[in-house]
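Shown next, in structure tokens, is the structure this report addresses.
When a residue number appears, it is its place in the shown sequence, counting from 1. Keep in mind it's a predicted model, so treat the numbers as computed, not measured.
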Amino acid sequence: MFTGIVDHCGTIASIEITSGGVRLSIETTFQDLVPGESISVDGACLTAVSPEPGHFFCDLSPETLEVTAAASYERGSKVNLERALRLGDRLGGHWVSGHVDAVAKVCEAQPFTEFWKIGFKGLPPEQMKHVIKKGSISVQGVSLTINEVVPDGFEVMLIPHTLSLTNLSELKPGKRANIEFDWMVKVVLNEAQRLKHLPQEI
């Protein structure tokens with residue numbers, strides 16, 4: 001589990017096509033990663049392979065490439081990095097599992113003084129039920145608040161701190177972003193749907 005509070009942006013140093021998928025080499029400021037550690041990379045929970053101080057590898061399966069925006073990575077791309085939550089850590093964002101639910105397309109990016117309003121589109125109707133005004137959502141692994149709900153999408157407002165610490169400042173119209181809906185909303189909706197189909201007591 002993660003919180004959506006990004007530690008820093010890493011840099012993709014290399015991309016290797018393997019027989020089963022893709023291996024990324026990522027430069028990071030983390031100095032003490034251990035083999036097998038879970039790392040959120042742009043909101044996708046990946047496994048640190050052969051970590052060294054300031055560097056680690058991770059493998060992307062065909063499924064990960066299909067359901068995330070990782071296929072658009074290039075050498076030099078900036079990626080949001082967060083280590084897994086430890087018991088006792090502050091929960092500054094919201095519960096983020098690292099399991100990407102959708103990929104949305106940026107349709108709007110407008111400055112408001114030092115803030116930026118970003119709009120996303122392309123979510124199917126069955127996923128829009130998870131999008132709630134003033135609810136939480138993870139975009140590229142960043143915990144954000146939904147400002148407005150629009151047809152097949154939503155809008156968020158980015159503060160200067162978020163813009164300076166993450167790669168969300170690079171989001172422009174046409175770019176794709178990893179989306180994870182609030183797990184509490186998913187649990188409640190799933191339970192409501194289950195109860196709806198239970199036989200009524202006489």
Side-chain angles (χ1 to χ4, degrees), residues 1-7 38-47 60-72 79-109 116-159 162 166-168 171 173-202:
M1 295 294 290
F2 305 92
T3 67
I5 304 299
V6 171
D7 186 89
S38 293
I39 300 288
S40 172
V41 179
D42 277 349
C45 181
L46 301 178
T47 300
L60 278 60
S61 69
E63 180 183 1
T64 300
L65 293 169
E66 181 179 349
V67 301
T68 72
S72 64
V79 290
N80 296 324
L81 301 179
E82 180 189 354
R83 300 177 80 168
L85 179 67
R86 295 177 299 186
L87 290 177
D89 281 353
R90 291 185 177 89
L91 185 60
H94 71 282
W95 293 107
V96 177
S97 69
H99 301 153
V100 175
D101 293 305
V103 175
K105 183 174 289 187
V106 178
C107 63
E108 176 186 19
W116 275 83
K117 181 175 79 170
I118 309 291
F120 299 89
K121 288 270 195 174
L123 298 178
E126 62 270 20
Q127 291 184 328
M128 282 300 298
K129 62 187 177 183
H130 300 104
V131 181
I132 301 172
K133 185 174 181 177
K134 302 306 177 184
S136 296
I137 198 162
S138 169
V139 178
Q140 293 288 84
V142 182
S143 175
L144 299 173
T145 299
I146 298 170
N147 271 21
E148 295 291 344
V149 178
V150 299
D152 80 319
F154 61 95
E155 297 175 351
V156 297
M157 188 71 74
L158 305 181
I159 64 173
T162 301
T166 73
N167 63 10
L168 299 189
L171 291 179
K175 290 199 106 177
R176 301 164 73 241
N178 294 330
I179 306 297
E180 182 185 332
F181 306 115
D182 188 346
W183 76 273
M184 287 191 291
V185 174
K186 291 189 286 187
V187 168
V188 170
L189 288 175
N190 184 73
E191 185 65 10
Q193 187 70 14
R194 186 186 70 83
L195 293 174
K196 180 180 177 181
H197 290 89
L198 285 178
Q200 299 296 314
E201 294 184 4
I202 299 177

Quiz item: Mind checking whether Ile179 and Val103 have side chains closer than 4.5 Å, heavy atoms only?
Solution: no
Quiz item: Rounded to the nearest 0.5 Å, how far does CG of Leu171 lie from CZ of Phe120?
Solution: 5.0 Å
Quiz item: Side chains of Val41 and Leu81: closer than 4.5 Å at any heavy-atom pair?
Solution: yes
Quiz item: Hey, what do you get for NE2 (His130) to CG (Asn190), rounding to the nearest 0.5 Å?
Solution: 8.0 Å
Self-check item: Atom pair CG (Asp101) and NZ (Lys186), whose distance is rounded to the nearest 0.5 Å
Solution: 3.5 Å
Practice problem: Please name the pair of heavy atoms, one in Ala70 and one in Leu60, separated by the smallest distance, quoted to 0.1 Å. | Solution: CB-CD2, 3.4 Å
Quiz item: Is the shortest heavy-atom distance from the side chain of Lys134 to the side chain of Asn147 under 4.5 Å?
Solution: yes
Quiz item: Parallel under 30°, tilted from 30 to 60°, perpendicular over 60°: which one fits the rings of Trp183 and Trp95?
Solution: perpendicular
Quiz item: Any side-chain heavy atom of Thr68 sitting closer than 4.5 Å to one from Asp42?
Solution: no
Practice problem: Report, as yes or no, whether the 6.0 Å neighbourhood of atom NZ on Lys105 holds more than 12 heavy atoms from other residues, nucleotides or ligands. | Solution: no
Quiz prompt | Interatomic distance, Thr145 atom OG1 to Glu155 atom CD [nearest 0.5 angstrom] | solution = 14.0 Å
Exercise. Might you point out which heavy atoms bring Ala177 and Val139 nearest each other, and give the distance in Å?
Key: CB-CG1, 4.1 Å
Quiz item: So, for Ala102 and Leu123, which heavy atoms are closest and what is the spacing to 0.1 Å?
Solution: CB-CD2, 3.8 Å
Self-check item: With Ser40, the side-chain contact (heavy atoms from CB on, under 4.5 Å) member among Gln140, Glu180, Glu82, Met1
Solution: Glu82
Quiz prompt | Heavy-atom closest contact (Cys45 atom, Ser97 atom, distance) | solution = CB-O, 4.0 Å
Quiz item: Nearest 0.5 Å, what's the OG-CG distance between Ser138 and Asp182?
Solution: 10.0 Å
Quiz item: Quick one: does Met128's side chain get under 4.5 Å of Val149's, heavy atoms only?
Solution: yes
Quiz item: Is the closest side-chain heavy-atom distance between Thr3 and Asp89 below 4.5 Å?
Solution: no
Quiz prompt | Test item: Val185 and Ile132 side chains (from C-beta on) under 4.5 Å apart, heavy atoms | solution = yes
Exercise. Starting at CZ of Arg83, measure out to CG of Asp7 and round the result to the nearest 0.5 Å.
Key: 8.5 Å
Self-check item: More than 12 heavy atoms of other groups within 6.0 Å of Glu126 CD
Solution: yes
Quiz item: Are any side-chain N or O atoms of Asn178 and backbone N or O atoms of Gly141, one a donor and one an acceptor, separated by less than 3.5 Å?
Solution: no
Practice problem: Indicate yes or no: at least one non-hydrogen side-chain atom of Leu144 is less than 4.5 angstrom from one of Phe154. | Solution: no
